Amino acid sequence: MNVLDSFKLDGKVAVVSGGAGLYGFQIVAALAEAGATVYVASRNRENNEKKMSSLLEQGYKISVLEFDLENEASILELCDTVYDKEGRVDILVNNAVLRCMKGYTDTAESFTRSMIANATGLFVISRAFGDRMAKAGGGSIINIGSYMGLLGPDYNLYKDTGMNVNGAIPDYFFHKGGITNYTRFLATHYGEHQVRSNCIELGGLYDGQNELFVKRYNEKTPLGRMANGTDLKGLIVYLASDSSNYMTGAIIPLDGGYSAK
């Protein structure tokens, strides 16, 4: 096979949880542009349909489904729905995240709700799709992590910006740290069945943040900028495709070098 052909996703079926966000849209677009049939699943179906309209108008094979990461029955129903329609799933991207805490001073109830979605939900969806991939003899699970799963918060970034005035959001650091090592668990658990699991540790994406914050963040990043609207696409296609068939259990920073120091 020509090396460029190994990156093609023609005939493959992908499921992406949470596709309406800035990173989620890149993920869906990359998979669809590479030839995959993509199912995008989130809590807000209407919002996702609006977000995907530009890709659908270009003729890409994208379907939008609704599911609740806090609800096991909803996750299992999502899995059944896609398999009933396609008979297979080759790629699962765990991208959805519930951001319910407002800072370190938020309630224990908010932290608990976050864990139900971002820890228990991650476990349930990975097992549901992973078991079926294993039975079929292969697949790729891509977990979307964050440099915040590798590092503690840098409060100097936020001084005089009005950001994180109640302290950094602790649940995000907690579950992004968890998804990192859970990736290694999945790689080991499913490896003999040729189901691969890798984690992308994302850096900050520019979205009109406070100018002082952006200036400080850029100064701490070797490439001198935040991520843009296309920076994630190439790595997603690589991990989803046959070109990465011998890669599993990898923790890959995609942060402009922010975590390298």
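Computed from a prediction, not measured in an experiment: that's the story for all the values here.
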Could you pull out every donor-acceptor pair under 3.5 Å between side chains of residues 218-232 and any protein atom, sequence neighbours left out?
residue : atom : partner : partner atom : Å
N218    : OD1  : M226    : N            : 3.2
N218    : ND2  : V214    : O            : 3.4
E219    : OE2  : K215    : NZ           : 2.7
K220    : NZ   : D154    : OD2          : 3.2
T221    : OG1  : Y217    : O            : 2.8
R225    : NH1  : D231    : OD2          : 2.7
R225    : NH2  : D231    : OD1          : 3.2
R225    : NH2  : D231    : OD2          : 3.3
N228    : OD1  : T230    : N            : 2.9
N228    : OD1  : T230    : OG1          : 3.2
N228    : OD1  : D231    : N            : 3.0
D231    : OD2  : N228    : N            : 2.9

Side-chain donor-acceptor contacts of residues 51-61 below 3.5 Å, not counting sequence neighbours, with atom names and distances?
residue : atom : partner : partner atom : Å
S53     : OG   : K50     : O            : 2.7
Q58     : NE2  : S54     : O            : 3.1

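When the shell of 6.0 Å around NZ of K261 is examined, it contains more than 12 heavy atoms from other residues, nucleotides or ligands. Sparse packing is recorded around CD of E77, with 12 or fewer heavy atoms of other residues, nucleotides or ligands lying under 6.0 Å away.
Ring geometry for F213 against Y158 counts as parallel: the plane angle stays under 30°, on a 0 to 90° scale with 60° as the upper cut. Between Y182 and F185, the ring planes are parallel. Angles under 30° get that label, and only those over 60° would be called perpendicular.
Between atom CD of residue E33 and atom CG of residue L9 there is a gap of 11.0 Å, rounded to the nearest 0.5 Å.
Comment: K85 does not engage D80 in a salt bridge, judged by the lack of any side-chain N to carboxylate O separation of less than 4.0 angstrom. Salt bridge status for R43 with E66: absent, with no side-chain N to carboxylate O gap under 4.0 Å.
Residues S114 and H175 approach most closely at OG-CD2, 3.9 Å, considering heavy atoms. In plain terms, the two heavy atoms of A240 and S140 that are nearest each other are CA-OG, 4.1 Å.
Side-chain atoms of N164 and Y104 include no donor-acceptor pair closer than 3.5 Å. Under 3.5 Å, the side chains of R45 and N48 contain no donor-acceptor pair of N or O atoms.
Side-chain N or O atoms of D90 include one that pairs as donor or acceptor with a backbone N or O of V13 at under 3.5 Å.
Checked options N198, T180, N94; the residue passing with N143 is N94 (criterion: side chain to side chain donor-acceptor pair (under 3.5 Å)).
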